[in-house]
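The structure under discussion appears below in the form of structure tokens.
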Amino acid sequence: MKQRNVTLEASPTDKRHCAVVKTSLNNHHADHWKLRGGPGGLHVFNRTTGMNILCDEIPVPAVLWSCAPRQVSIALTNRCDLACAHCFAPKSRDELCYDAVTRWLVELDTNGTLGVGFGGGEPTLYPRFSELCRYAALETKLSVTFTTHGHYIDQAMADRLRGSVHFIRVSMDGIGDTYESIRQRSFPDLQARLKLIRGISGFGINIVVNERTMPELDKAAAVAADSGATELLLLPQVAVRSVRAVTDATVQALRRWVDEYSGPLKLCINESHADGFPTCDPLVEERGLRAYAHIDAAGVIKPTSYHATGVPIGAGRVLDALDQLANNVAEKDA
Ligand code: SF4
């Protein structure tokens with residue numbers, strides 16, 4: 001049976017083209033590269049191309065390991081005009097202060113974070129969203145990504161975002177009637193938005209996999225590829241409010257589908273559902289809070305967006321809140 005590797009996602013964020021390459025660095029675009037030290041070696045990242053190179057022959061002393069998580073997702077706002085049943089975002093009015101977010105971005109960038117993923121709620125409803133992306137692109141070396149339902153991206157927003165965003169993730173659960181019954185928005189309208197999104201940056205499609213969307217996965221993958229997407233992020237449904245978690249039978253069907261998929265899209269899956277999938281993770285030594293953290297729309301840092309509790313950052317440093325969070329996690333695990 002053909003074996004297909006699926007990229008492991010700690011979150012719906014940007015970790016494109018992971019590769020383990022033993023190489024010496026000699027690149028005339030050195031200012032486009034960002035370095036990060038960690039237990040696996042020296043990690044070199046280019047946010048423009050999305051290329052990751054792990055120089056695992058270069059041991060990095062622990063005192064020089066980057067302090068900040070490799071990737072951080074930030075829920076800018078909990079506002080959203082849709083009401084998807086599977087949504088796990090809190091239905092509150094929390095929204096982050098622009099100045100706090102820019103301060104955190106600089107701190108994270110300085111301490112080794114490679115990429116930030118904006119989400120929500122719906123991040124395009126954040127009042128200064130384009131300005132924030134532009135700030136992150138110009139004032140930091142972070143890779144800037146965001147996850148969106150896509151329906152607010154018009155030509156004007158696309159023009160504002162172009163050059164400030166490195167990758168976009170668009171939620172598309174199924175196609176046609178299935179999509180419309182879940183999202184309560186027109187599927188042809190989404191397809192029109194995908195044309196605009198394609199003109200901003202590379203993009204991928206996120207699919208919540210459940211008993212309704214699983215049978216349409218072939219068609220959804222074909223629509224995604226035809227629209228210009230390069231990735232398909234598979235998100236097996238988690239239990240939330242009145243919605244049940246995806247069944248074991250559907251997860252089994254998803255595993256078979258992954259094994260048989262021969263299309264052009266890179267397949268990704270979130271870390272919490274990766275068991276039993278043929279995943280490829282070159283950064284196995286960099287797990288937990290070293291790899292990823294989430295900041296919710298109330299300014300609380302957590303291990304993932306699924307966690308209910310964490311540590312408020314307040315007016316202090318992100319790294320101080322992260323230390324406290326690491327202690328809390330260690331105490332809980334002890
Ligand atoms: S579009 Fe996203 S944030 Fe909005 S309700 Fe649906 S899942 Fe939740």
Side-chain angles (χ1 to χ4, degrees), residues 11-16 29-36 45-51 68-81 94-171 193-204 206 228-231 293-297 299 301 313 317-318:
S11 75
T13 49
D14 179 27
K15 291 192 283 292
R16 292 164 284 161
H29 292 305
D31 57 337
H32 294 170
W33 296 92
K34 185 166 181 182
L35 302 179
R36 175 182 167 84
F45 175 64
N46 184 310
R47 68 178 184 179
T48 306
T49 62
M51 178 168 284
R70 189 171 71 238
Q71 185 78 29
V72 174
S73 62
I74 302 180
L76 297 175
T77 177
N78 278 338
R79 281 197 290 159
C80 184
D81 55 327
D94 289 318
E95 193 159 272
L96 292 173
C97 162
Y98 181 89
D99 290 344
V101 179
T102 53
R103 183 163 46 82
W104 299 341
L105 292 177
V106 171
E107 185 189 345
L108 290 166
D109 182 43
T110 307
N111 287 283
T113 295
L114 299 182
V116 62
F118 295 127
E122 173 52 44
T124 59
L125 289 175
Y126 187 67
R128 297 167 70 182
F129 180 61
S130 308
E131 186 183 344
L132 182 64
C133 292
R134 187 159 182 75
Y135 179 93
L138 289 179
E139 302 298 330
T140 78
K141 289 191 172 182
L142 295 167
S143 167
V144 182
T145 68
F146 68 94
T147 301
T148 178
H149 63 46
H151 288 281
Y152 283 108
I153 297 186
D154 56 15
Q155 189 64 59
M157 184 180 284
D159 291 343
R160 287 197 301 274
L161 289 174
R162 195 172 300 111
S164 302
V165 174
H166 301 96
F167 199 74
I168 299 174
R169 295 193 179 279
V170 183
S171 304
R193 307 281 172 178
L194 291 180
K195 289 184 182 153
L196 292 170
I197 289 166
R198 185 178 191 171
I200 302 171
S201 70
F203 75 98
N206 292 3
T230 56
E231 288 188 11
H294 174 75
I295 301 174
D296 73 14
I301 192 163
I313 300 170
R317 296 187 335 137
V318 180

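Just so you know, these numbers use all the heavy atoms, side chains as well, and skip hydrogens, waters and symmetry mates. FYI, the numbering just counts along the sequence from 1.
Side chains of V170 and I153 form no contact here, defined as non-hydrogen atoms less than 4.5 Å apart. Residues T147 and S171 form a side-chain contact, since some pair of their non-hydrogen atoms from C-beta on lies under 4.5 Å apart. Within the 4.5 Å cutoff, the side chain of R160 has heavy atoms near those of the M157 side chain. Side chains of D109 and K34 form a contact here, defined as non-hydrogen atoms less than 4.5 Å apart. Residues D94 and R79 form no side-chain contact, since every pair of their non-hydrogen atoms from C-beta on lies 4.5 Å or further apart.
Here the closest non-hydrogen pair linking Y152 and R193 is C-NH1, 4.3 Å. Nearest heavy atom pair, residue V116 against residue F118, reads CG2-CE2, 3.9 Å. Between R36 and A68, the closest heavy-atom pair is NH1-O, 2.9 Å.
A donor atom on one side chain and an acceptor atom on the other are found under 3.5 Å apart for H294 and S73.
Note that the CZ atom of R134 and the OG atom of S164 stand 5.0 Å from one another [nearest 0.5 Å]. Considering CG of D81 and NE2 of H149, their distance stands at 4.0 Å, rounded to 0.5 Å. One distance of note links CZ of R128 with CG of L76; it measures 12.0 Å at 0.5 Å rounding. Going from atom CG of L125 over to atom CD of E95 covers 8.5 Å, rounded to the nearest 0.5 Å. Rounded to the nearest 0.5 Å, atoms CG (L96) and CD1 (I313) are 8.0 Å apart. Interatomic distance, CD1 of I301 versus CD1 of I295, reported as 4.5 Å (0.5 Å rounding).
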Apply side-chain hydrogen bond (donor to acceptor under 3.5 Å, both in side chains) to the pair E122 and T77, showing each step before the final yes or no. CA-CA 7 Å; E122 173 52 44; T77 177; over 6 Å; no
Are R70 and F45 close enough, and set up right, to give a side-chain contact (heavy atoms from CB on, under 4.5 Å), and what steps lead you there? CA-CA 11 Å; R70 189 171 71 238; F45 175 64; over 6 Å; no
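A centroid separation of less than 6.0 Å is found between the aromatic rings of F146 and F129.
Side-chain atoms of T113 come within 3.5 Å of backbone atoms of P69 as a donor-acceptor pair (strictly under, hydrogens ignored). Remark: side-chain polar atoms of Y126 are paired, donor with acceptor, to backbone N or O of Y98 under 3.5 angstrom. Listed for the R317 side chain is no donor-acceptor partner under 3.5 Å among the backbone atoms of E107. Of the possible polar contacts, one joining the R162 side chain to the G199 backbone as a donor-acceptor pair under 3.5 Å is found.
Test V144, T145, I200 against I168 for side-chain contact (heavy atoms from CB on, under 4.5 Å) and you get one pass: I200.
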